[in-house]
Amino acid sequence: MDALQEPELRRVDGDLDVKLSNYAKLSAGGAFVSDDFIVLPGPADGASQLLNPAVPESMEMEIHSLLEKLLDINDSMSRCAASAARLRLLLQLLKTFQGIETYCMS
């Protein structure tokens with residue numbers, strides 16, 4: 001894993017966990033407080049108040065954005081892993097040629 005991508009991966013993963021947890025609470029009808037909105041459980045009939053009706057859609061877009069970031073990081077890490085594998089192969093090949101050269105020169 002690229003050392004520069006690991007903190008970003010952890011941050012995005014943590015953000016996604018929080019957003020998914022909040023979305024699950026919202027969907028289940030439990031009380032939830034955020035900077036943008038408050039969901040208050042209603043009376044016994046299960047009704048609730050959502051102070052900003054655009055919030056569920058906004059949360060869905062944020063979750064979608066975080067998932068796209070994770071895909072981008074995953075693609076980047078895959079390319080790094082492929083490059084590292086090729087580099088290991090080239091280094092192994094170079095060592096083999098060095099061994100052959102040393103054998104032939106002696």
Side-chain angles (χ1 to χ4, degrees):
M1 178 183 299
D2 186 353
L4 297 175
Q5 292 171 329
E6 186 173 353
E8 176 71 4
L9 175 65
R10 292 183 190 278
R11 185 191 64 75
V12 171
D13 187 48
D15 290 350
L16 184 59
D17 283 345
V18 169
K19 298 288 182 190
L20 288 172
S21 175
N22 291 342
Y23 191 76
K25 289 176 187 175
L26 179 64
S27 297
F32 176 74
V33 179
S34 171
D35 294 339
D36 301 324
F37 62 92
I38 300 174
V39 176
L40 302 170
D45 65 1
S48 63
Q49 293 177 326
L50 182 60
L51 299 183
N52 184 346
V55 169
E57 185 177 328
S58 173
M59 290 178 76
E60 290 170 3
M61 291 185 330
E62 289 174 8
I63 290 168
H64 182 76
S65 175
L66 289 170
L67 288 170
E68 285 179 349
K69 285 180 185 178
L70 281 178
L71 283 173
D72 290 343
I73 292 169
N74 186 43
D75 289 344
S76 178
M77 289 172 50
S78 295
R79 286 190 301 274
C80 287
S83 295
R86 285 191 296 263
L87 180 60
R88 279 193 298 276
L89 180 62
L90 288 173
L91 289 174
Q92 188 177 26
L93 191 58
L94 181 59
K95 286 180 182 182
T96 300
F97 286 140
Q98 287 174 337
I100 292 170
E101 181 183 35
T102 302
Y103 177 76
C104 291
M105 295 288 192
S106 56

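Fair warning: this is a prediction, and the values are worked out from it, not measured in the lab.
- Atoms SG and CD1, from Cys80 and Ile73 in turn, are 11.5 Å apart once rounded to the nearest 0.5 Å.
- Grouping the Ile, Leu, Val, Met, Phe, Trp and Tyr side chains by contacts below 4.5 angstrom, directly or via other members, places Leu16 apart from Met61.
- The distance from atom CD1 of Ile63 to atom CG of Asn22, rounded to the nearest 0.5 Å, is 8.5 Å.
- At a cut-off of 3.5 Å, with distance as the only test, no side-chain donor of Glu60 or His64 sits close to an acceptor on the other residue.
- Side-chain atoms of Leu66 and Asp13, non-hydrogen and from C-beta on, never get closer than 4.5 Å to each other.
- In this structure, Met59 and Lys19 approach most closely via the heavy-atom pair CE-O, 3.9 Å.
- Placement of Val18 and Leu70 in two distinct hydrophobic clusters is found when ILVMFWY residues are connected by side-chain heavy-atom separations under 4.5 Å, directly or transitively.
- Ser21 contributes no side-chain N or O that, together with a main-chain N or O of Asp17, makes up a donor-acceptor pair within less than 3.5 Å.
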Taking distance alone, no hydrogens or angles, what donor-acceptor pairs closer than 3.5 Å link side-chain atoms of residues 84-97 to residues at least two apart or in another chain?
unit_1, atom_1, unit_2, atom_2, d
Arg86, NH2, Ser83, OG, 3.4
Thr96, OG1, Gln92, O, 3.0

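- In this structure Arg11 satisfies the salt bridge (Lys or Arg N to Asp or Glu O under 4.0 Å) test together with Glu8, Asp15, sequence neighbours excluded.
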